[in-house]
Amino acid sequence: MLKTRCVQANDIFPVIALAYDTLPERYNPSIFNQFYESFPEGFLVALYNHTIIGFLIGIKTTTNTARILMLSVNNNNRKQGIGAALLTHFLIEMKNQQVTQVELEVRTTNQGALEFYKKQGFTLRETLHQFYQNGEDAYSMRKEL
Ligand SMILES: CC(C)(COP(=O)(O)OP(=O)(O)OC[C@H]1O[C@@H](n2cnc3c(N)ncnc32)[C@H](O)[C@@H]1OP(=O)(O)O)[C@@H](O)C(=O)NCCC(=O)NCCS
């Protein structure tokens, strides 16, 4: 059975492993603990039968704005609504916290994620040149809540 919930201490290692497997950026593992300690409401995991198959990390950037920093679903579990479930959970949590605008960046080459965010009501704002460590460009996207 699929479930999404806020992260717990025991989730951190499997989340780091999933991030390593599925995201091109190489994050220092300590940042996952930092997000867990500083804003656990924005750090969500998706579980199938108690196994972590996806996660989302978002933060509040001002009283009324939030930013999604990472969103990932295990390769074998994609296109089954898990990304949408994590995002919906995050948007509800942010709305409860008076957030009116959610922003994110996505690689201009990441067609799947672009389609995903468009379908979830995010709109393209601008191109951010050489945004990523490897020099790739990003689109910034935004959704009003
Ligand atoms: C982007 C990502 C999180 C989507 O998660 P997901 O669980 O597969 O998404 P969902 O099943 O909830 O998809 C909902 C809709 O988004 C769109 N979508 C999702 N993946 C897509 C793809 N690869 N190509 C085109 N559209 C896609 C579709 O419209 C889909 O609806 P459909 O299944 O009816 O066609 C997932 O593909 C992923 O982890 N990618 C690698 C990491 C990444 O790029 N993260 C985002 C940038 S940080």
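For ligands, and for the atoms within them, numbers begin at 1 and follow the listed sequence.
Between Phe122 and Tyr117, the ring planes are perpendicular. Angles over 60° get that label, and only those under 30° would be called parallel. Using a 30° and 60° split on the angle between ring planes, Phe32 and Phe55 fall in the perpendicular class, above 60°.
For the residue pair Leu2 and Ala85, the shortest heavy atom distance occurs at CD2-CB, 4.4 Å. Residues Leu114 and Val106 come closest through the heavy atom pair CD2-CG1, 3.6 Å.
Contact annotation for Lys79 and ligand 1: heavy atoms of both the backbone and the side chain come within less than 4.0 Å of the ligand. When heavy-atom distances to ligand 1 are checked against a 4.0 Å cut-off, Ile68 has no atom that comes that close, whether in backbone or side chain. Within the 4.0 Å heavy-atom criterion, the part of Leu23 lying near ligand 1 is the side chain and not the backbone.
Here is the list of ligand 1 atoms found below 4.0 Å of a heavy atom in Ala84: 12 (O). Close approach of ligand 1 to Asn110 (heavy-atom distance below 4.0 Å) involves ligand atoms 43 (C), 44 (O), 47 (C).
Put simply, atom 42 (C) of ligand 1 has protein non-hydrogen atoms near it, under 4.0 Å away.
No side-chain N or O of Gln8 forms a donor-acceptor pair with one of Asn10 less than 3.5 Å apart.
Among protein heavy atoms, atom 23 (N) of ligand 1 sits closest to Gly112 CA, 3.5 Å. The protein heavy-atom contact nearest to atom 40 (N) of ligand 1 is Arg78 CZ, 3.5 Å.
In Lys3, the NZ atom is not crowded: 12 or fewer heavy atoms of neighbouring residues, nucleotides or ligands sit closer than 6.0 Å. The 12-atom threshold is not exceeded at CD of Gln130, counting heavy atoms of other residues, nucleotides or ligands nearer than 6.0 Å. Atom OH of Tyr20 sits in a sparse spot, with 12 or fewer heavy atoms from other residues, nucleotides or ligands closer than 6.0 Å.
Remark: among candidates Tyr117, Phe116, Phe55, the nearest residue to atom 19 (C) of ligand 1 is Phe116, based on non-hydrogen atoms. Considering each of Lys119, Glu25, Glu105, Gln80, the one bringing a non-hydrogen atom nearest atom 29 (O) of ligand 1 is Lys119. The residue from Ala113, Pro24, Ala138 that puts a heavy atom closest to atom 1 (C) of ligand 1 is Ala113. Of the listed residues (Gly81, Ser72, Gly83), the one carrying the non-hydrogen atom nearest atom 6 (P) of ligand 1 is Gly83.
Taking only nitrogen or oxygen atoms, main chain and side chain alike, Val73 reaches within less than 3.5 Å of ligand 1. Residue Gln120 places no N or O, backbone or side chain, under 3.5 Å from any N or O of ligand 1. Considering backbone and side-chain N/O of Leu71, one or more are found under 3.5 Å from N/O of ligand 1. Considering backbone and side-chain N/O atoms, Glu115 never comes within less than 3.5 Å of an N/O atom of ligand 1.
A search for side chain to side chain donor-acceptor pair (under 3.5 Å) contacts involving Thr108 returns nothing, not counting sequence neighbours.
Other residues sharing the hydrophobic cluster of Phe131, ordered by chain and number and joined by side-chain separations under 4.5 Å: Leu128, Tyr132.
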